[in-house]
Every structure is written in C-alpha cells, then in structure tokens.
2 protein chains.
Amino acid sequence: MTSDPELATRLRLAVTRMARRLRQESGAVGPELSPTLTAALATIDRCGPLTPSAFAQTERIQRPTATRIVGRLEQQGLVERSPDPDDGRVCFVAVTSDGRALLKRIRSRKSEFLAKRLKALTPAEQATLAAAAELLERLLEEPASAPARRAGG
Amino acid sequence: MTSDPELATRLRLAVTRMARRLRQESGAVGPELSPTLTAALATIDRCGPLTPSAFAQTERIQRPTATRIVGRLEQQGLVERSPDPDDGRVCFVAVTSDGRALLKRIRSRKSEFLAKRLKALTPAEQATLAAAAELLERLLEEPASAPARRAGG
DNA sequence: GTTGCTAGTTAGCGTTGCTAATCAGTTTAG
DNA sequence: CTAAACTGATTAGCAACGCTAACTAGCAAC
C-alpha cells in the first residue's frame, strides 16, 4: 500500500506534467482557449451569472487575476458583464451564446489531444480516470474546517 | 459510459485546477520548489546525469526552458553541471546530495497539502488515484507512431 | 579550410499567478 | 449629515514558466 506522501508525490508529478502538456496542446489545436480560460468559462457557465469576486473565490484565485481572466473572455465575446442595479461597484459575469457554443464544441471535440489519447485506453482504464477526476475535484473542495485561505484576498 | 470527449473535458478541468492548486500550495509550505522544479529534479534524479537537451526532451519542453530550469536548480545547489570531455558544447546535469536529500524530504512530507488531503480518502480511492497517476503518465508517453513534436526544438 | 549541423544560451514575448495600491461605492458611527 | 471604515473591482508591477528567434561555440563532413 502506497503511503500518503508517496501517492502525493506521484500524483503531483503526474498532474504537473499533464497540465503542462495540456497547456502545450491547447495552442496546437488553434488559438482557442487555454486550459485556464476554458476552466474559467466552464465555471461561469455553471455558476453564473456571478460577480468577479465570487468567480475568484470559486476558482480560488485572487481578484486581480479574476479581473484579467474575465476581461480576456469578454474580449473574445465569450462572457459579458452587466451592472448590479443595487450596488454600483458590482457587475455580474455571464456566458454569452458564443461562449456556450464554444463550450459545447470543446466538450464534443474528438480530435483533441486528450480525447484521442483516451480512446486508446480500455473501458476499465477510462473508468479509473473518470473516478480520479471526481476525486481530484473533491480534493480541491475546501473542508469546512479549513480557512478560506486563497480566494477573495 | 462516458464518451472520450466528455471524459477528456472532465479530466482536463480536474487536472488544470489541481495543477493550479499545487502551484498555489507550493508557496505556502515554504520557499522550496514549485511543481515544475520538483518534477524537473525528479527527472534528473531518475534519468541523470543527462544533457540539457536530453532533459528538455524528457520533460517535453524547449531547450531554452530547460536551460532556465536547470540554471534555477543549480542556483539552489540541487543539481550540478559537469563538462563532457568529448564535446566542448555539452554538459551533464546531475542531482547533488542536497538535491537528493530534498527529494527524499519532499517524498516523505506528511504535512503537505496533497498528502493531507489524500489521508481523508478511503484506501480504494487512494488506489484509484494511484492507478490514475500511472495512466496519466502513460497518456503522456508519445506513441511510437507520433512525431516527437515538442521537444529538443 | 569551408560548410553544414548541433548543443546550449540569450533575448523578448505572452500567459498566469501573486501582492500592493488605488478608486469608487456602500455602510456604519457619531 | 458627515466622516470614517469597509468592500468590490481594477491597475501596476513582479516572478515563474512556457514559447520562438537568434546567436555563439563546437563538431562533423567534404
């Protein structure tokens, strides 16, 4: 049985390298979206409309980063901002129809690096990775007892 | 059964977010090593001594990036370079004892973010993640038929 | 000796994170 | 009502990490 630190080490390496590869491949398919912007768009699609601060909190990034990411997506017409009538400081960010269409396209793309690679795995292996994705997202959820350390700063 | 693009999408999101979190947490524990430098050190430990070009190829990065990463690690005394007696252009990069000690420490750290999080999982879930790490690394291996697209410039 | 190739490095750029600072808007206290 | 305190979003600047283009030095082939 692998100890926690050993498993952590291996997982860390695998994730780090896969993330780098995803970044590299994201430029290969075309000038669409980086992994970061894709994840952001998915979050806004799922949780939106939401304020930049809420977005920052959800993505666990600082607000200046959120501002920039949202600005980028807005520039590409993938999200739009609308003011909050109740608070002049606040705006709400929502996905546009272009953004939704792009998400849909991304989610169905068969020729993309990872989808192609996954095709070579057995169904059991694919199920393992599906379960792992679930687990990874779970690991990212902050336990109720832990301080909200990183977001909204 | 999840289709390949759907699984790809979910995996991409999970990996992207976990990688970001690892980057964020790497500064939290102390000014040790980022995920990228850690992975690099592990590679040099495993495959070294090796030339910067070989390192670049193994990590699937371009040589200028390899130069910088190796330079960084060398600065911290974690790797050292030695000249190739047969070729004045070439040097070999190997892990120092300090580097080895750090790797050992990293590999046994129980208080680190991911290790702590993994502790809360069941043994079956941990096994799933261990298998997934293996699979991720396999997905990163270039099939024999694919061109060595990204490394060695 | 000359030409072509190769290894490693430098320079500059873009992306993605951060912190510090700022500005504008809202809320609270006197 | 006014001033102070607080809050949301943005700007500025920096570092890390990737890339490409260019360069220098060294090696191989002719």
Side-chain angles (χ1 to χ4, degrees), chain A residues 16-28 31-41 43 50-57 59-76 79 81-93 149-153, chain B residues 16-28 31-41 49-57 59-76 79 81-93 149-153:
Chain A
T16 297
R17 289 178 169 140
M18 179 55 82
R20 171 197 277 154
R21 191 62 188 278
L22 292 175
R23 285 200 305 272
Q24 291 171 335
E25 296 291 338
S26 72
E32 289 189 331
L33 286 186
S34 67
T36 292
L37 292 183
T38 306
L41 192 60
T43 294
L50 79 172
T51 67
S53 288
F55 170 68
Q57 190 155 21
E59 291 285 282
R60 297 179 184 281
I61 53 178
Q62 306 303 311
R63 284 176 304 175
T65 309
T67 298
R68 182 189 291 152
I69 289 177
V70 168
R72 223 17 148 336
L73 292 173
E74 190 185 27
Q75 221 174 6
Q76 300 193 39
V79 302
R81 299 182 213 230
S82 45
D84 179 348
D86 298 329
D87 189 333
R89 303 167 297 181
V90 176
C91 68
F92 290 105
V93 184
R149 170 180 187 293
R150 281 281 172 180
Chain B
T16 296
R17 288 178 171 140
M18 179 55 82
R20 171 198 276 155
R21 190 62 188 277
L22 293 176
R23 286 200 305 274
Q24 291 171 334
E25 294 292 337
S26 71
E32 289 188 328
L33 286 188
S34 66
T36 292
L37 291 184
T38 306
L41 194 59
L50 78 172
T51 67
S53 287
F55 170 68
Q57 190 156 22
E59 292 285 283
R60 297 180 183 281
I61 52 178
Q62 305 304 312
R63 287 174 307 172
T65 309
T67 297
R68 183 187 292 152
I69 289 176
V70 168
R72 217 33 136 334
L73 291 174
E74 189 183 29
Q75 222 173 5
Q76 299 192 42
V79 302
R81 301 183 212 229
S82 45
D84 179 349
D86 299 329
D87 189 333
R89 303 167 299 181
V90 174
C91 69
F92 289 105
V93 184
R149 169 181 191 296
R150 280 279 168 185

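Every chain is numbered from 1 and lettered A, B, ... according to where its sequence line falls, protein lines coming before strand lines. Just so we're clear, the structure is a prediction, and the values are computed from it rather than from any experiment.
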Pick the closest DNA chain D nucleotide for B/P35 and for A/V90 by heavy atoms, then say which residue is nearer the 5' end. A/V90
Start with the C-alpha distance between A/Q24 and B/I61, add both sets of side-chain angles, then the distance that settles side chain to side chain contact (heavy atoms under 4.5 Å, CB included), and finish with yes or no. CA-CA 9 Å; A/Q24 291 171 335; B/I61 52 178; 4.1 Å; yes
B/D86 CG to D/dA28 P: how many Å, rounded? 9 Å
The reported gap from CZ in A/R68 to CG in A/L73 (rounded to nearest 0.5 angstrom) is 13.0 Å
Can you find a side chain N or O atom of B/R63 that sits less than 4.0 Å from OP1 or OP2 on D/dA21? no
For C/dC18 and A/T65 - does any side-chain N or O of the residue sit under 4.0 Å from the phosphate oxygens OP1/OP2? yes
Just the rounded figure in Å: distance from P of C/dA7 to CG of B/D84. 11 Å
Rounded to the Å, how far apart are A/I69 CD1 and C/dG14 P? 18 Å
Give a yes/no answer on whether the side chain of B/Q24 brings an N or O atom under 4.0 Å of OP1 or OP2 in C/dG17. no
Please report, rounded to the nearest Å, how far the C1' atom of D/dG8 is from the CZ atom of A/R81. 12 Å
Phosphate-side-chain proximity, B/R89 and C/dG8, N/O vs OP1/OP2 below 4.0 Å: no
Report the distance from atom SG of B/C91 to atom CD of B/E74, rounding to the nearest 0.5 Å. 8.0 Å
When rounded to the nearest 0.5 angstrom, what distance separates CZ in B/R63 from OG in B/S53? 5.0 Å
Residue closer to the 5' end of DNA chain C, B/F92 versus A/L37 (nearest nucleotide): B/F92
With respect to the phosphate group of C/dG17, does any side-chain polar atom (N or O) of A/Q62 fall under 4.0 Å of OP1 or OP2? no
Residue-phosphate contact under 4.0 Å: B/S53 side-chain N/O, C/dG8 OP1/OP2: yes
Would you say D/dT11 has OP1 or OP2 under 4.0 Å from some side-chain N or O of A/T67? no
Contact under 4.0 Å: B/R68 side-chain N or O vs C/dT9 OP1/OP2: no
To the nearest angstrom, the CZ-C1' distance between A/R20 and D/dC19 comes to 12 Å
Between P of C/dG17 and CD1 of A/I61, the distance in whole Å: 6 Å
B/R72 side chain N/O closer than 4.0 Å to the phosphate oxygens (OP1, OP2) of D/dA16? yes
Euclidean distance, A/L41 CG relative to A/I69 CD1, rounded to 0.5 Å: 11.5 Å
Let me know the distance between CD of B/Q57 and P of C/dG8, rounded to the nearest Å. 11 Å
Have a look at A/P64 and say if it touches a base, only the backbone sugar-phosphate, or nothing, with a 4.0 Å heavy-atom cut-off. base
Measuring from atom CD of B/Q57 to atom CD of B/Q62, what distance do you get when rounded to the nearest 0.5 angstrom? 10.5 Å
Complementary nucleotide for D/dC30 - Watson-Crick or wobble, under 3.5 Å: C/dG1
So, does B/S34 get its side chain near the phosphate of D/dC17, meaning an N or O under 4.0 Å from OP1 or OP2? yes
Whole Å only: how far is the CG atom of A/D87 from the P atom of C/dT26? 5 Å
